[in-house]
Protein chains: 2
Amino acid sequence: MKKSIGVNKRDNVKEFEQADSTTVSVDCVVFGYDGYGLKVLIMDCTMPHFKGYDSLIGELVLKSETLDEAAKRILQYWTGLDNLYLEQVKAFSDPGRHPLGRVISVAYYSLVQIDNYKIDPQLKDRLRWADVNELGQMAFDHYDILHSCLSTLQKKIREKPLGFSLLPKKFTLIQLQNLYESILSIELDKRNFRRKLTNLGLLIDLDELQQSVNHRPAKLYSFDFEKYRKKKSKGNLQFEI
Amino acid sequence: MKKSIGVNKRDNVKEFEQADSTTVSVDCVVFGYDGYGLKVLIMDCTMPHFKGYDSLIGELVLKSETLDEAAKRILQYWTGLDNLYLEQVKAFSDPGRHPLGRVISVAYYSLVQIDNYKIDPQLKDRLRWADVNELGQMAFDHYDILHSCLSTLQKKIREKPLGFSLLPKKFTLIQLQNLYESILSIELDKRNFRRKLTNLGLLIDLDELQQSVNHRPAKLYSFDFEKYRKKKSKGNLQFEI
DNA sequence: ACAAAAGTGTTGATAATACACCCATGT
DNA sequence: ACATGGGTGTATTATCAACACTTTTGT
């Protein structure tokens with residue numbers, strides 16, 4: 001049913017004063033990579049309608065903050081982490097998506113170096129890393145949100161050096177290749193992959209080797225974010241995997 | 001200053017009941033192409049704070065509709081058109097972006113065949129096609145929204161056959177090339193462009209010629225959207241310009 | 001010495017680029 | 001016949017894809 005007030009009145013002031021108001025939330029898909037597969041930070045939903053369901057981390061947005069600020073606050077609160085890679089994906093707005101009323105949710109995804117982070121012990125009965133593929137039904141429309149963010153990640157990781165935000169600062173080329181293979185669900189040729197990456201000129205050879213592996217240790221590299229920014233701003237760069 | 005209610009309470013129900021509420025709007029960047037340059041449908045802002053400024057077309061979102069539905073309603077209302085290409089881009093949420101209070105706006109862009117459409121005479125003192133590059137200061141943060149949508153269009157038009165939604169159903173290859181050149185602000189090689197497009201196998205040669213031009217008439221083509229959908233769903237397609 | 005994973009070059013196919021002249025129509 | 005923009009092919013270069021063996025370490 002349509003309301004007569006606030007709809008296409010062609011007069012912003014009256015429209016505003018009589019407007020429907022809405023609750024807005026941010027939901028964050030926190031991705032991590034543990035060397036075997038892509039993981040998502042999942043919490044146990046406590047809301048009666050979805051008790052026990054898996055949900056994303058999310059909160060309502062304050063009037064005084066931007067959506068980006070809300071996402072940062074939420075991430076900081078639940079993970080204790082700051083300065084994470086963070087990207088807005090899409091707003092989800094089905095009127096029936098939230099059982100308590102109209103809530104529009106803006107989805108973000110974020111990338112965490114999983115090995116550098118321990119879940120707050122106080123939260124460890126509510127938070128866990130779940131494999132992306134293991135998740136089925138979730139609270140609200142969080143399954144859709146998750147998969148929408150996953151598609152965006154799969155697309156963006158080929159155009160921007162996002163993979164390095166999922167790996168430790170020092171990584172091997174094989175770890176990097178495994179990461180791309182598992183996120184993109186494809187197989188890559190080892191030699192071609194290494195050639196492409198080294199030709200970018202953005203990897204720093206640390207002249208260090210992996211420790212305590214029971215096979216030939218691999219060389220460690222790090223990614224030169226500074227050089228990447230410079231090249232990008234000069235425009236002579238197309239990162240593409 | 002932070003509120004103590006509704007912030008990271010780890011209890012969704014209480015949080016919801018006491019939540020800040022917000023007004024949500026949709027702003028649409030309606031793109032058109034007139035054979036010379038990329039145009040945007042602009043209206044004269046009537047709100048006192050921005051009287052006379054250029055603004056995008058936008059309205060508040062109803063509680064009973066999705067954002068996509070709101071965008072469709074707004075487009076239908078202001079242009080009379082239906083079934084336009086429509087894509088959500090980003091939510092804009094600076095707390096100070098709207099002078100009357102907190103309004104989060106979700107930006108969409110939309111593509112119109114400009115020659116097939118006449119502005120409603122009743123609205124023609126408020127609506128006009130403006131060249132993208134001619135627009136400077138605009139109402140609200142509409143300049144940012146416009147340029148954000150423009151960047152998205154520039155990116156997406158290389159990956160998806162969006163150009164055909166901006167041209168008449170029957171078009172010449174030169175019109176198509178001009179469109180790409182003016183949207184992307186680059187020059188393309190005529191022969192290479194034509195080869196790439198014809199090799200896609202998605203153009204229908206109509207065996208018709210342009211009428212009443214005072215030079216050699218060009219052949220007319222149309223785009224085979226049906227075949228595109230089929231190829232895409234089978235996965236054997238990469239549209240790339 | 002054996003297991004396990006790291007590392008390394010070449011070749012052929014495909015796609016991208018650069019480039020200049022003739023053609024059809026209206027005036 | 002001339003002005004205007006439409007239409008066409010080839011040669012070169014760069015990029016991508018396929019492929020198998022040797023090396024280093026721990027046990």
Side-chain angles (χ1 to χ4, degrees), chain A residues 34-37 157-159 163 167-168 170-182 184-222 231 235-241, chain B residues 33-37 157-159 163 167-168 170-182 184 186-222 231 235-241:
Chain A
D34 65 357
Y36 299 98
I157 203 173
R158 306 193 76 138
E159 306 166 358
L167 288 176
K170 301 176 178 188
F171 55 85
T172 71
L173 290 180
I174 296 223
Q175 289 173 335
L176 187 63
Q177 183 180 344
N178 287 339
L179 180 149
Y180 275 96
E181 289 185 333
S182 82
L184 298 173
S185 302
I186 54 173
E187 293 211 336
L188 296 166
D189 181 271
K190 203 206 291 192
R191 281 175 285 194
N192 295 338
F193 180 79
R194 295 164 97 91
R195 188 183 11 256
K196 190 176 270 182
L197 266 289
T198 50
N199 285 351
L200 275 177
L202 294 170
L203 294 181
I204 301 168
D205 183 337
L206 296 171
D207 273 316
E208 281 181 69
L209 297 177
Q210 263 182 321
Q211 295 300 317
S212 42
V213 284
N214 62 342
H215 54 75
R216 176 174 174 178
K219 293 180 74 173
L220 292 170
Y221 293 83
S222 66
K231 279 205 180 191
N236 52 348
L237 168 69
Q238 70 273 35
F239 190 94
E240 190 67 51
I241 284 169
Chain B
Y33 177 73
D34 65 357
Y36 299 98
I157 204 174
R158 306 194 75 138
E159 306 166 359
L167 289 176
K170 301 176 178 189
F171 54 84
T172 70
L173 291 180
I174 295 220
Q175 289 173 335
L176 187 62
Q177 183 179 344
N178 288 341
L179 180 150
Y180 275 97
E181 288 183 334
S182 81
L184 299 172
I186 54 173
E187 293 210 335
L188 295 166
D189 181 90
K190 203 206 288 190
R191 280 176 284 195
N192 296 338
F193 179 80
R194 295 163 99 90
R195 179 164 344 119
K196 189 176 272 182
L197 266 290
T198 50
N199 284 352
L200 274 178
L202 295 170
L203 294 181
I204 301 168
D205 184 338
L206 296 170
D207 273 316
E208 282 182 66
L209 296 177
Q210 264 182 322
Q211 296 300 318
S212 43
V213 284
N214 62 342
H215 53 75
R216 176 176 176 178
K219 293 180 76 175
L220 292 170
Y221 293 84
S222 66
K231 281 205 177 190
N236 52 351
L237 169 68
Q238 69 276 30
F239 190 93
E240 190 69 50
I241 285 169

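Just so we're on the same page: letters track the sequence lines, and every chain starts at 1.
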Those residues that, when tested against [X], pass side chain to side chain donor-acceptor pair (under 3.5 Å) (two or more places apart):
X	answer
A/K190	none
B/N199	none
A/Q177	A/E181

A/L184: what forms a side-chain contact (heavy atoms from CB on, under 4.5 Å) with it, not counting sequence neighbours?
A/Q154, A/I157, A/R158, A/Y180, A/I186

Holding to side-chain contact (heavy atoms from CB on, under 4.5 Å), I want the full list of residues that pass it with B/L197, two or more places apart in sequence or in another chain.
B/F164, B/L176, B/F193, B/L200, B/L203, B/I241

Pairs satisfying salt bridge (Lys or Arg N to Asp or Glu O under 4.0 Å), at least one member in residues 192-205 of chain A, at least two apart
A/D205-A/K219

Gap separating the [atom1] atom of [X] from the [atom2] atom of [Y], nearest 0.5 angstrom:
X	Y	atom1	atom2	answer
A/L179	A/I174	CG	CD1	13.5 Å
A/Y221	A/T198	OH	OG1	7.5 Å
B/L167	B/N178	CG	CG	9.5 Å

Boundaries of the chain A footprint along DNA chain C (any atom under 4.0 Å from a heavy atom):
C/dA4 to C/dT10

Using the test salt bridge (charged side-chain N to carboxylate O under 4.0 Å, His left out), find all partners of A/D189 that sit at least two apart in sequence or belong to another chain.
none

Could you work out how much the helix from C/dA1-D/dT27 to C/dT27-D/dA1 bends, comparing the axis of its first five pairs with that of its last five, to 10°?
0°

B/L209 side chain reached by B/L220 side chain, heavy atoms, under 4.5 Å:
no

Determine the contact category for A/I174: base if any of its heavy atoms lies under 4.0 Å from a base atom, sugar-phosphate if only primed atoms, P, OP1 or OP2 are that close, otherwise nothing.
sugar-phosphate

Which pairs, with at least one residue in residues 206-215 of chain B and sequence neighbours excluded, count as a side-chain hydrogen bond (donor to acceptor under 3.5 Å, both in side chains)?
B/K170-B/E208

Classify every nucleotide of nucleotides 15-27 of chain D by which part a protein heavy atom approaches to under 4.0 Å, writing B for the base, S for the sugar-phosphate alone and - for neither, in 5'-to-3' order.
--BBBB--BBBS-

Those residues of residues 199-206 of chain B lying under 4.0 Å from DNA chain D by at least one heavy atom:
none

